**Student:** 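Below you will find the structure I want to go over with you.
Below, all heavy atoms of this structure are taken into account, side chains as well, without hydrogens, waters or symmetry copies. Naming: A, B, ... by sequence-line order, numbering from 1 per chain. Predicted model only: the values in this text are computed from it and were never measured.
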Amino acid sequence: MLLDAPAEAVPDTARALLGVEVAANGVRIRLTEVEAYLGGGRDPASHADRGSTPRNGVMFGPPGFAYVYFVYGAHYCLNVVCGQEGDAAAVLLRAGEVVEGAELARQRRPTARTDWDLARGPANLVRSLAIGPEANGTSMVSGRGPLQLLPPSRPVDVGDVASGPRVGVAAAQDLPWRFWIAGDPTVSAYRRHVPRRRNKPGRPGPPAR
DNA sequence: GATGCGATTCACT
DNA sequence: GTGAATCGCATCG
């Protein structure tokens, strides 16, 4: 796979990952929605924009490894590291269609109303695969880790690929680095970044209307 | 050393 | 459509 393409080309890599399948713990998911992130001061929205830290260090390692991070105090998200070693880039796996192990995925996602919801949204995708922080830094291409990337079993029609701004990111809203399969029912609903309200104690909030 | 906010989801109105 | 829950990292004093 083209995971080792130059980091700057990560949007192309993200697009190419649509249709690719991710397998873990008895569940296989066909990717329908991804987002590209670039490090090294070229993408303010990326965890790796301001250099390597203990949290994002995996992004600076070799391509094909999993970058799993914890967000909002409750959820995990899964990225595939891209680009050459030392030049950080990654693709966030946002959503997909469960093509194998739906029974297991339903047990792991009891609140899903339909099978389309099983891996709809980045944290839901992670829960369907039953992976967690222990998967951070493991290879997704060696076949020896908990996660495995597999070539598409069904090709994606290039005419069906749509792109737009990334979901929920405050910075770089002009970059169309989110890619998805148009019309696919497993693609998560777009939500623009909502500024957090900073309610200082002792000070009145914004005037109610 | 303290503080603020985020690549989200779910329940409720 | 909107708000709460909740942990770690980066930033600032």
Side-chain angles (χ1 to χ4, degrees), chain A residues 7 10-11 13-15 17-18 22 29 31-60 65-83 88-96 105-106 108-137 163-180 186-203 205-206 208-209:
Chain A
V10 66
T13 307
R15 179 189 294 262
L17 279 172
L18 291 174
V22 196
I29 292 173
L31 298 176
T32 59
E33 182 186 356
V34 296
E35 284 178 2
Y37 287 89
L38 180 59
R42 294 161 293 186
D43 176 14
S46 170
H47 287 174
D49 189 53
R50 300 178 196 185
S52 177
T53 70
R55 180 204 197 189
N56 65 23
V58 178
M59 279 185 74
F60 291 82
F65 281 69
Y67 169 44
V68 179
Y69 70 92
F70 190 63
V71 73
Y72 289 107
H75 306 290
Y76 290 96
C77 294
L78 169 64
N79 299 250
V80 182
V81 174
C82 301
V91 174
L92 170 67
L93 309 186
R94 285 196 54 87
R106 284 186 209 110
R108 295 163 184 169
R109 295 264 304 110
T111 60
R113 294 205 164 266
T114 75
D115 281 3
W116 303 128
D117 298 326
L118 291 174
R120 190 168 186 245
N124 291 332
L125 183 146
V126 164
R127 280 181 66 175
S128 285
L129 293 172
I131 58 155
E134 73 284 349
N136 187 47
S163 65
R166 292 170 290 186
V167 174
V169 305
Q173 305 219 4
D174 51 316
L175 296 179
W177 283 6
R178 171 180 179 240
F179 301 93
W180 68 95
T186 64
V187 172
S188 64
Y190 176 72
R191 289 147 109 187
R192 78 177 197 287
H193 171 72
V194 188
R196 299 258 144 196
R197 69 175 239 217
R198 27 157 62 198
N199 212 354
K200 297 251 181 182
R203 199 129 29 114
R209 188 172 312 174

**Student:** Output the pairing pattern of DNA chain B as a dot-bracket string, 5' first, Watson-Crick or G-U wobble with both distances under 3.5 Å, | for cross-strand pairs, [ ] for crossing pairs.
**Tutor:** ||||||.|||||.
**Student:** Do A:Tyr69 side-chain and B:dA7 base share a donor-acceptor contact under 3.5 Å?
**Tutor:**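 Present.
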**Student:** Are any non-hydrogen side-chain atoms of A:Val68 and A:Val126 less than 4.5 angstrom apart?
**Tutor:**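 Side chain of A:Val68 against side chain of A:Val126, heavy atoms only: no contact under 4.5 Å found.
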**Student:** Please classify the nucleic acid contact of A:Ala74 as base, sugar-phosphate, or nothing, using heavy-atom distances under 4.0 Å.
**Tutor:**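 No contact at all - A:Ala74 keeps every heavy atom at 4.0 Å or more from the nucleic acid.
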**Student:** Kindly indicate whether the side chain of A:Glu35, heavy atoms from C-beta on, has any atom under 4.5 Å from the side chain of A:Val167.
**Tutor:**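 Yes, close enough: below the 4.5 Å cut-off.
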**Student:** Quick one: are the ring centres of A:Tyr67 and A:Tyr69 less than 6.0 Å apart?
**Tutor:**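 Under 6.0 Å, so yes.
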**Student:** For the residue pair A:Tyr76 and A:Phe70, categorise the inter-ring angle as parallel (less than 30°), tilted (30 to 60°) or perpendicular (more than 60°).
**Tutor:**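 Taking A:Phe70 first and then A:Tyr76, their aromatic rings sit tilted (interplane angle of 30° to 60°).
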**Student:** Please state the C1' separation for the pair B:dC5 and C:dG3 - nearest whole angstrom.
**Tutor:**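 Their C1' atoms lie roughly 16 Å apart.
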**Student:** Atom CG of A:Asn124 to atom P of B:dT9: distance rounded to whole Å?
**Tutor:**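 These atoms are roughly 5 Å apart.
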**Student:** Among B:dC10, B:dA7, B:dT8, which nucleotide sits nearest the side chain of A:Arg127?
**Tutor:**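 Within the option list, the nearest is B:dC10.
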**Student:** Could you tell me if A:Thr186 and A:Glu33 have a donor-acceptor pair between their side chains, going purely by distance under 3.5 Å?
**Tutor:**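 A:Thr186 and A:Glu33 do not have a side-chain donor-acceptor pair below 3.5 Å.
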**Student:** One character per nucleotide, please: for nucleotides 8-13 of chain C, 5' to 3', B when the base has a protein heavy atom closer than 4.0 Å, S when only the sugar-phosphate does, - otherwise.
**Tutor:** -SSS--
**Student:** I want to verify a distance call: between B:dC10, B:dA7, B:dT8, whose nearest atom is closest to the A:Ser46 side chain?
**Tutor:**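 Out of B:dC10, B:dA7, B:dT8, the nucleotide with an atom closest to A:Ser46's side chain is B:dA7.
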**Student:** Return the set of residues passing salt bridge (charged side-chain N to carboxylate O under 4.0 Å, His left out) with A:Arg106 (not counting sequence neighbours), or none when no residue passes.
**Tutor:**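 A:Arg106 satisfies salt bridge (charged side-chain N to carboxylate O under 4.0 Å, His left out) with A:Glu103, A:Asp115 once adjacent residues are dropped.
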**Student:** Distance between the C1' atoms of B:dC10 and C:dG8, in whole angstroms?
**Tutor:**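 Per the computed distance, 22 Å lies between those C1' atoms.
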**Student:** C:dG3 P sits how many Å from A:Tyr72 OH, rounded?
**Tutor:**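 One finds 15 Å between P of C:dG3 and OH of A:Tyr72, rounded.
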**Student:** Rounded to the Å, how far apart are A:Leu118 CG and B:dC10 P?
**Tutor:**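 After rounding, the gap between these two atoms is 11 Å.
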**Student:** Answer yes or no: is there a side-chain heavy-atom contact under 4.5 Å between A:Leu38 and A:Ser46?
**Tutor:**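 A side-chain contact under 4.5 Å is absent here.
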**Student:** Starting at the 5' end of DNA chain B, which residue's closest nucleotide do you reach first, A:Tyr37 or A:Thr111?
**Tutor:**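 Looking at DNA chain B, the more 5' nearest nucleotide goes with A:Tyr37.
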**Student:** Less than 4.5 Å apart, any side-chain heavy atom of A:Leu31 and any of A:Leu125?
**Tutor:**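 Of all side-chain heavy-atom pairs linking A:Leu125 with A:Leu31, at least one is under 4.5 Å.
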**Student:** May I ask you to say what A:Arg113 touches in the nucleic acid, namely base, sugar-phosphate or nothing, with a heavy-atom cut-off under 4.0 Å?
**Tutor:**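 The answer is nothing, as A:Arg113 stays clear of every strand by at least 4.0 Å.
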**Student:** Find out whether A:Tyr37 and A:Val10 are in side-chain contact, i.e. whether some heavy atom of one side chain is under 4.5 Å from a heavy atom of the other.
**Tutor:**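 No, too far: nothing below the 4.5 Å cut-off.
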